[in-house]
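Have a look at the structure below, then the notes.
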There are 2 protein chains.
Amino acid sequence: MTEQLKRATISDVAEHAGVSRAAVSKVLRNAYGVSPAMRTKVEESMTLLNYRPLALARGMRGNSYTLGVFLVDLSNTFFSVLAEGIRDVAEELGYQVLIGQARQGLDAQQKLIEAMIDRRMDGLVLIAPFGPNDELEKLGRTIPVVVLGRHGPAKYFDTVASDDIAGSALIVDHLVSLGHERISMLANTQPDSEPGMPQTVRRHGYDLAMEKHGLSQWIDHVPGRWGTESGLEAGRSLAARPLAQRPSALHGGADVAALGAYTALFEAGIHIPDDMSIVGYDNIPATGLPPIGLSTVDQSGVQMGRQAAELLLSRIEGRTESEHVLVSPRLIVRKTSAPPRR
Amino acid sequence: MTEQLKRATISDVAEHAGVSRAAVSKVLRNAYGVSPAMRTKVEESMTLLNYRPLALARGMRGNSYTLGVFLVDLSNTFFSVLAEGIRDVAEELGYQVLIGQARQGLDAQQKLIEAMIDRRMDGLVLIAPFGPNDELEKLGRTIPVVVLGRHGPAKYFDTVASDDIAGSALIVDHLVSLGHERISMLANTQPDSEPGMPQTVRRHGYDLAMEKHGLSQWIDHVPGRWGTESGLEAGRSLAARPLAQRPSALHGGADVAALGAYTALFEAGIHIPDDMSIVGYDNIPATGLPPIGLSTVDQSGVQMGRQAAELLLSRIEGRTESEHVLVSPRLIVRKTSAPPRR
DNA sequence: GGATTTGTGTAGATCGGTCTACGTTTGTCT
DNA sequence: AGACAAACGTAGACCGATCTACACAAATCC
């Protein structure tokens with residue numbers, strides 16, 4: 001049984017190359033003041049000794065070369081697509097992405113963010129965080145932060161979001177063009193909703209679009225949160241309404257909720273789209289399964305993830321004025337939206 | 001604009017409490033040699049100064065209190081359920097779980113694992129890793145490792161897996177009891193398959209079950225990998241077969257693949273379950289959507305995740321003999337399995 | 001040709017914890 | 001009472017990098 005070989009440290013490399021530790025460190029960081037001769041000499045020793053710098057130790061003074069991605073819900077596959085986009089960009093620049101998943105609740109979120117700070121991550125991407133904008137501003141003054149899914153403006157962090165006003169308009173326009181008038185929306189009415197959160201903006205976009213079409217009288221927010229569970233409940237509550245008070249079409253708010261509602265309505269014998277049209281939002285993979293074929297709005301998650309990573313890295317490099325990116329959504333018509341039967 | 005307050009260090013706490021840094025460290029680690037008086041004194045100072053130990057610095061000598069979860073595919077929602085189980089247990093014991101997602105390929109996997117080691121994680125849970133068992137054994141001698149989804153035996157790491165032999169038998173028994181004889185299986189035929197991998201064991205379980213029922217002549221492995229893409233292709237290849245060579249039922253191997261096949265067959269006009277029955281494996285959320293209702297095998301992911309975390313933590317505490325846990329799967333009959341039409 | 005600048009390399013402090021070794025006090029046993 | 005062990009607390013090295021300050025040599029300037 002061979003003894004576990006001790007891994008090489010920067011001192012080992014320095015000794016082997018016959019230079020100082022500081023010199024090796026410079027090579028490692030591509031810092032100024034290294035002659036070509038020295039660089040090759042050191043690099044040879046590094047490969048020879050199979051040296052890998054200990055990211056942990058680097059983090060003590062310099063960068064940890066680690067980015068944290070904060071998520072609430074790993075089972076929302078849209079979020080995992082975002083995470084992929086982030087990873088792709090980060091890896092190209094030698095950063096490692098580590099994902100943390102928080103339990104529900106503001107407390108758990110705070111804990112996880114602290115845990116990431118305590119591990120000296122160089123920056124954070126927050127995907128659909130809860131909580132007031134103030135808190136995020138405070139956080140943004142402590143560590144570089146990009147928030148994915150919340151709209152700007154913000155002073156101390158960047159944002160990348162889908163243009164949710166436009167997205168809601170796409171949905172309402174589409175449904176109206178099919179002949180619908182009575183269009184409800186699954187509105188995320190979490191108690192701590194803030195301006196800029198997608199639920200707030202999408203709801204507002206829905207209101208605006210309805211007004212634009214002269215359908216203000218039919219504006220109807222079905223309360224709940226955006227998750228499968230809550231979508232189920234919302235669907236049941238719709239099914240329980242007397243026929244005369246039931247909408248002919250539904251803006252699902254988010255795919256996970258829309259699919260939940262779909263499920264509940266289906267189980268109640270309400271046929272989609274004959275009895276009711278449904279359009280979701282996010283274009284998660286499950287929406288494409290053909291027996292379902294949920295019409296939805298696509299936000300090109302990978303692209304958004306890449307954008308977020310680029311912003312975060314440039315912020316780590318020193319940029320201080322905040323930037324706010326809006327991505328144009330795209331309507332995807334499948335099988336759950338059709339003219340009302342009437 | 002208030003200046004960002006510097007965070008308190010262990011020295012600040014020590015000074016405030018009028019004790020040595022070593023003493024504070026002892027309190028922090030619940031180490032031996034702390035009087036009750038001293039403990040309360042130190043703890044008061046800690047809360048007063050709002051002190052949080054820097055996990056990064058702790059990792060330099062002691063534990064980093066961080067567990068790494070390695071994943072290949074974040075969009076496989078079964079994996080995210082596992083991750084939740086791991087997190088729940090780890091958090092109770094003061095460990096933080098961070099998830100790393102690798103690109104496809106052995107190289108990318110190796111890189112990610114190294115990155116986790118370089119961040120001094122205290123232990124790793126590998127979910128469905130690629131690669132030969134030897135490599136994992138070598139890894140297990142470097143750092144505590146639990147492999148989720150691969151069967152034992154193994155000397156230097158623990159495993160938690162579904163009893164895939166039993167799971168495959170559940171599927172075949174169920175289909176046979178419905179009257180099927182010609183039962184094919186989507187067999188994951190990745191080039192680097194190793195004994196102990198779920199794809200290997202489930203395929204073997206299928207073979208055994210078919211033999212048990214005297215159906216050896218119908219054993220049929222449809223080649224591919226386990227992913228939506230590959231499932232689609234497999235489904236198309238099945239649809240392209242002349243009717244006489246088409247199975248009447250399909251063991252999907254894994255839900256993601258089964259849903260892919262479902263999609264392709266559906267699009268080819270083959271109706272499920274009238275023309276063909278399909279049973280998946282994993283019970284991912286999408287299988288429960290009512291218009292689909294994929295029959296499948298449940299492995300209680302949260303439970304498996306919890307088990308894995310418990311094993312990892314006990315290994316970190318010093319256990320050295322490996323343990324291998326097998327979780328009993330459970331058949332879930334929904335709507336995609338029915339008697340053959342004939 | 002002396003002064004200044006530029007390029008290259010090093011010594012040693014530093015980050016914020018943990019750990020070992022040891023000194024001091026207190027308690028227990030004969 | 002003296003010997004010995006247990007309990008408690010501290011000093012200071014240590015983990016593996018980065019970073020600041022500075023020394024020295026070569027190149028450039030007037």
Side-chain angles (χ1 to χ4, degrees), chain A residues 6-43 45-46 49-66 94 96 114-115 117-122 143 316, chain B residues 6-43 45-46 49-66 94 96 114-115 117-122 143 316:
Chain A
K6 260 200 67 178
R7 76 184 274 167
T9 72
I10 200 171
S11 302
D12 300 331
V13 175
E15 191 178 356
H16 183 273
V19 299
S20 71
R21 279 155 46 224
V24 179
S25 175
K26 279 195 198 176
V27 172
L28 222 53
R29 288 172 291 130
N30 263 315
Y32 175 85
V34 180
S35 65
M38 165 130 155
R39 151 156 279 115
T40 58
K41 194 169 56 176
V42 169
E43 280 174 348
S45 296
M46 294 205 298
L49 296 180
N50 201 14
Y51 171 72
R52 285 200 326 260
L54 196 67
L56 188 94
R58 304 183 81 175
M60 284 292 288
R61 298 219 56 171
N63 291 346
S64 63
Y65 298 95
T66 311
Q96 183 62 45
E114 283 175 358
I117 291 175
D118 294 348
R119 280 151 187 86
R120 278 275 164 92
M121 303 222 169
D122 295 330
I143 180 175
I316 290 172
Chain B
K6 260 201 66 176
R7 73 185 277 167
T9 72
I10 200 171
S11 302
D12 300 331
V13 176
E15 191 178 356
H16 184 272
V19 297
S20 69
R21 280 155 48 223
V24 179
S25 175
K26 279 195 197 178
V27 172
L28 224 51
R29 289 172 290 132
N30 264 314
Y32 175 84
V34 179
S35 65
M38 163 131 150
R39 148 156 281 114
T40 58
K41 193 169 57 178
V42 169
E43 280 173 348
S45 296
M46 296 206 295
L49 297 181
N50 201 15
Y51 171 72
R52 286 200 325 262
L54 196 66
L56 188 93
R58 304 183 79 176
M60 284 291 287
R61 297 216 58 166
N63 290 348
S64 63
Y65 298 95
T66 311
Q96 183 61 46
E114 283 176 359
I117 292 175
D118 294 346
R119 280 152 187 84
R120 278 275 162 92
M121 304 221 167
D122 295 330
I143 181 175
I316 290 172

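What you are looking at is a predicted structure, and each value in this text was computed from that prediction instead of being measured. Per chain, numbering begins at 1; letters A, B, ... match sequence-line order.
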Distance, rounded to the nearest Å, where [X] contributes [atom1] and [N] contributes [atom2]:
| X | N | atom1 | atom2 | answer |
| --- | --- | --- | --- | --- |
| B/Arg58 | D/dC14 | CZ | C1' | 17 Å |
| A/Tyr65 | D/dG16 | OH | C1' | 14 Å |
| A/Asn30 | D/dC19 | CG | C1' | 16 Å |
| A/Met60 | D/dC19 | CE | P | 13 Å |
| A/Arg21 | D/dG16 | CZ | C1' | 8 Å |
| A/Leu28 | D/dC19 | CG | P | 11 Å |

If I take atom [atom1] from residue [X] and atom [atom2] from residue [Y], how far apart are they, to the nearest 0.5 angstrom?
| X | Y | atom1 | atom2 | answer |
| --- | --- | --- | --- | --- |
| A/Leu28 | A/Arg58 | CG | CZ | 4.5 Å |
| B/Met121 | B/Ile316 | CE | CD1 | 11.5 Å |
| B/Met60 | A/Met60 | CE | CE | 5.5 Å |
| B/His16 | B/Lys41 | NE2 | NZ | 11.5 Å |

**Prompt:** Taking 5' to 3' order, which nucleotide of DNA chain C is first and which is last to have an atom within less than 4.0 Å of a heavy atom in chain A?
**Reply:**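 Boundary nucleotides touching chain A, in 5' to 3' order, are C/dG7 to C/dG16.
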**Asked** Side chain of A/Arg61, base of D/dC19: donor and acceptor closer than 3.5 Å?
**Response** no
Can you give me the closest heavy-atom contact between [X] and [Y], atom names plus distance?
| X | Y | result |
| --- | --- | --- |
| B/Ala17 | B/Ser45 | CB-OG, 3.3 Å |
| A/Gln96 | B/Ala115 | OE1-CB, 3.4 Å |
| A/Ile143 | A/Asp122 | CG1-O, 4.2 Å |
| B/Tyr51 | B/Thr9 | CE1-C, 3.6 Å |
| A/Leu49 | A/Ala8 | O-CB, 3.9 Å |

**Message:** Pick the closest DNA chain D nucleotide for B/Ser20 and for A/Tyr51 by heavy atoms, then say which residue is nearer the 5' end.
**Reply:** B/Ser20
**Request:** Start with the C-alpha gap between B/Lys6 and B/Asp12, add the side-chain angles, then the distance that decides, and say whether side-chain contact (heavy atoms from CB on, under 4.5 Å) holds.
**Result:** CA-CA 11 Å; B/Lys6 260 201 66 176; B/Asp12 300 331; over 6 Å; no
**Item:** Residues B/Arg7 and A/Asp118 bridged, charged N to O under 4.0 Å
**Value:** yes
**Request:** Using a 4.0 Å heavy-atom cut-off across all strands, classify A/Val19 as base, sugar-phosphate, or nothing.
**Result:** sugar-phosphate
**Request:** Could you note down all residue pairs passing salt bridge (charged side-chain N to carboxylate O under 4.0 Å, His left out) where residues 25-39 of chain A supplies at least one of them, sequence neighbours left out?
**Result:**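 Residue pairs passing salt bridge (charged side-chain N to carboxylate O under 4.0 Å, His left out), neighbours aside: A/Arg39-A/Glu43.
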**Asked** Is there a residue in residues 32-42 of chain B whose heavy atoms reach under 4.0 Å of DNA chain C, and which residues are they?
**Response** none
**Message:** Under 4.0 Å, heavy atom to any atom of DNA chain C: which of residues 9-16 of chain B qualify?
**Reply:** B/Thr9, B/Ile10
**Request:** Decide whether A/Thr66 and A/Arg119 meet the rule of one side-chain donor and one side-chain acceptor closer than 3.5 Å.
**Result:** no
**Message:** Under the rule for side chain to side chain donor-acceptor pair (under 3.5 Å), what residues qualify as partners of B/Arg120, not counting sequence neighbours?
**Reply:**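 For B/Arg120, no residue satisfies side chain to side chain donor-acceptor pair (under 3.5 Å) once neighbours in sequence are set aside.
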**Request:** Respond yes when some side-chain nitrogen or oxygen of A/Arg7 is under 4.0 Å from OP1 or OP2 of D/dG16, and no when none is.
**Result:**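 For D/dG16, neither OP1 nor OP2 has a side-chain N or O of A/Arg7 closer than 4.0 Å.
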**Angle between terminal axes - the helix from C/dG1-D/dC30 to C/dT30-D/dA1, 5 pairs each end, rounded to 10°** = 30°
